[in-house]
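Okay, so here's the structure we're looking at.
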Amino acid sequence: MPWRVPPDQRKAGVRPDPYRVWLSEVMLQQTTVAAVRDYFQRFTARWPTVSALAAAPDAEVMAEWAGLGYYARARNLLKCARAVAQDHGGEFPGSRNALLSLPGIGPYTAAAIAAIAFDEAATVVDGNVERVMARLRLVETPLPQAKAELTTCAAELTPALRPGDYAQAVMDLGATICTPRNPACSLCPWTEDCAARSVGVQASLPRKSPKPAKPIRHGTLWLVTRHDGAVLLEERPAKGLLGGMAGFPTTGWDGSDLPAPLAADWQDRGEVRHTFTHFHLILTVLAAQSDGNPDRGQFTPRTDFSPTALPTVMRKAWDLAILPQPG
DNA sequence: CAAGCGTGGCT
DNA sequence: TAGCCAAGCTT
């Protein structure tokens, strides 16, 4: 993985760059390695240092993050970069406690940066570690209730020697061997120590309290193109769903009923279905060509617009309305 | 502290 | 295929 320092360089005394550790850890929050890899490459190529990122315009960073999800991470990424640049002389603070005070850095990420970049004996507790600890110590209390107990287990195992390597190792163990469904216990270095395996219940741990069903919500999206090809976009409010991202004007998605951004001869292009963390969305896509003056948003020249700069639900609407219709 | 917040891959 | 899941943070 591009954010890791290869073993031969590690043996030569090379420590990971805290900027790259931080960026990768934020991207990896609730996100798979496969999804992160290309985003990490693009971010580090475009902004090689935290000071370079701090100087970037908000809209460019949000556009580069588009598609990765949990967009509050991108807003906090910029806040954090600017805090490091302005309040810490462009260098990440080296302790877990100092890192914790920065935007978007919580208990897990602070510990991960402190351990991996600064070799502090901080205890990392992510989903992988929770699973490993629940099995190793046979913790049958469901998550999230068991979080505190699992953190205690993890802390008891954190070594003073090479805590950064240990942190990555225990997470890798969870990611590759102590996996959620079919753990490869025969390959596990802790197989003889594992309390869950000794009684055969490892695959059923950790227990999780049931999640509420996702409701279905409905809305309308308006896709307006001007005759010169410009596209009507608006920046979504900074807080809430898709906060700070560019998108096409929509109604609210919870029953609120905003009007169309302008009067036009709307064509029904069909429905977009998209599932967010806590609801399903069915979006009716209406398209029109108009040179009118919109009440919301602004026309963006077609040459300045790329659907890759949009969150996925918006990109789906674009594909539906603009791509050649099947048949 | 429970709820809000994305997405894509896998079964 | 519909649900589950992933290297969580904020309020």
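Side-chain atoms are counted along with the backbone in the values below, which use heavy atoms only and exclude waters and symmetry mates. Below, read A as the first sequence line, B as the second, and so on, with proteins coming before strands; counting in each chain starts at 1.
Residue A:Lys208 is in sugar-phosphate contact alone, with no base atom involved, counting any heavy-atom pair closer than 4.0 Å across all strands shown. Among the heavy atoms of the strands, none lies under 4.0 Å from A:Gly174. Within the 4.0 angstrom heavy-atom criterion, no nucleotide atom of any strand lies near A:Pro144. In this structure, A:Leu242 reaches the sugar-phosphate backbone alone: every heavy-atom distance under 4.0 Å involves primed, P, OP1 or OP2 atoms, never a base. Counting non-hydrogen atoms under 4.0 angstrom, A:Met1 reaches a base of the nucleic acid.
Regarding A:His280, its NE2 atom lies at a distance of 16 Å from the P atom of B:dG8, rounded to whole Å. Put simply, CZ on A:Arg236 is 12 Å from C1' on B:dC5, counting in whole angstrom units. Counting to the nearest Å, the C1' atom of B:dT7 and the CZ atom of A:Phe276 are 10 Å from each other. Rounded to whole Å, the distance from CZ on A:Arg75 to C1' on C:dG8 is 15 Å. Atoms CD1 (A:Ile282) and P (C:dA2) sit 12 Å apart, rounded to a whole Å. One interatomic measurement links the two molecules: CG of A:Leu100 to C1' of C:dG8, which rounds to 12 Å at whole-angstrom precision. For A:Arg131 and C:dG8, the CZ to P distance is 10 Å, given to the nearest whole Å. Remark: C1' of C:dT10 and CG of A:Leu77 are 15 Å apart, rounded to the nearest angstrom.
In this structure, A:His278 has its ring center no closer than 6.0 Å to that of A:Phe276. Annotation: A:Phe43 is not in aromatic contact with A:Phe40 [ring centroid separation under 6.0 Å not met].
Note on A:Thr275: every side-chain N or O is 4.0 Å or more away from OP1 and OP2 of B:dG6. For A:His274 and B:dG6, the shortest distance from a side-chain N or O to OP1 or OP2 is not below 4.0 Å. In this model, the phosphate group of B:dG4 is not approached by any side-chain N or O of A:Tyr70 to a distance below 4.0 Å at OP1 or OP2.
The salt bridge (Lys or Arg N to Asp or Glu O under 4.0 Å) contacts involving residues 59-73 of chain A comprise A:Arg42-A:Glu64, A:Arg46-A:Glu60, A:Arg46-A:Glu64, where partners must be two or more places apart or lie in separate chains.
Remark: A:Phe248 engages no residue in a ring pair (Phe, Tyr, Trp, His ring centres under 6.0 Å) (not counting sequence neighbours).
Along DNA chain B, the nucleotide nearest to A:Arg315 and the one nearest to A:His278 differ in position, and the one closer to the 5' end is contacted by A:His278. Place A:Phe279 and A:Lys316 on DNA chain B by their nearest nucleotides, and A:Phe279 ends up nearer the 5' end.
Comparing the same atom, P, in B:dG6 and in C:dT11 gives a spacing of 14 Å after rounding to whole Å.
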Full working for side chain to side chain contact (heavy atoms under 4.5 Å, CB included) between A:Leu310 and A:Met245: CA-CA 7 Å; A:Leu310 300 177; A:Met245 296 299 291; over 6 Å; no
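For the pair A:Asp165 and A:Arg162, the salt-bridge criterion is met [side-chain N within less than 4.0 Å of a carboxylate O].
Of the residues in residues 16-41 of chain A, A:Gln30, A:Thr31 come within less than 4.0 Å of DNA chain B through at least one heavy atom, sorted by number.
For A:Asn182, the CG atom counts as loosely surrounded, since its 6.0 Å shell holds 12 or fewer non-hydrogen atoms of other residues, nucleotides or ligands.
Relative to the side chain of A:Leu241, the nucleotides B:dG6, C:dC5, C:dC9 differ in distance, and B:dG6 lies closest. Distance from the side chain of A:Asn76 is smallest to C:dT10 among B:dC5, B:dG8, C:dT10. Of the candidate nucleotides C:dC5, B:dG6, C:dG8, C:dC5 has the atom lying nearest to any side-chain atom of A:Arg181.
Between A:Phe305 and A:Trp318, the ring-plane angle classifies as perpendicular under the 30° and 60° cut-offs.
Contact of A:Thr109 with C:dG8 (side chain to base): no donor-acceptor pair of N or O atoms is detected under 3.5 Å.
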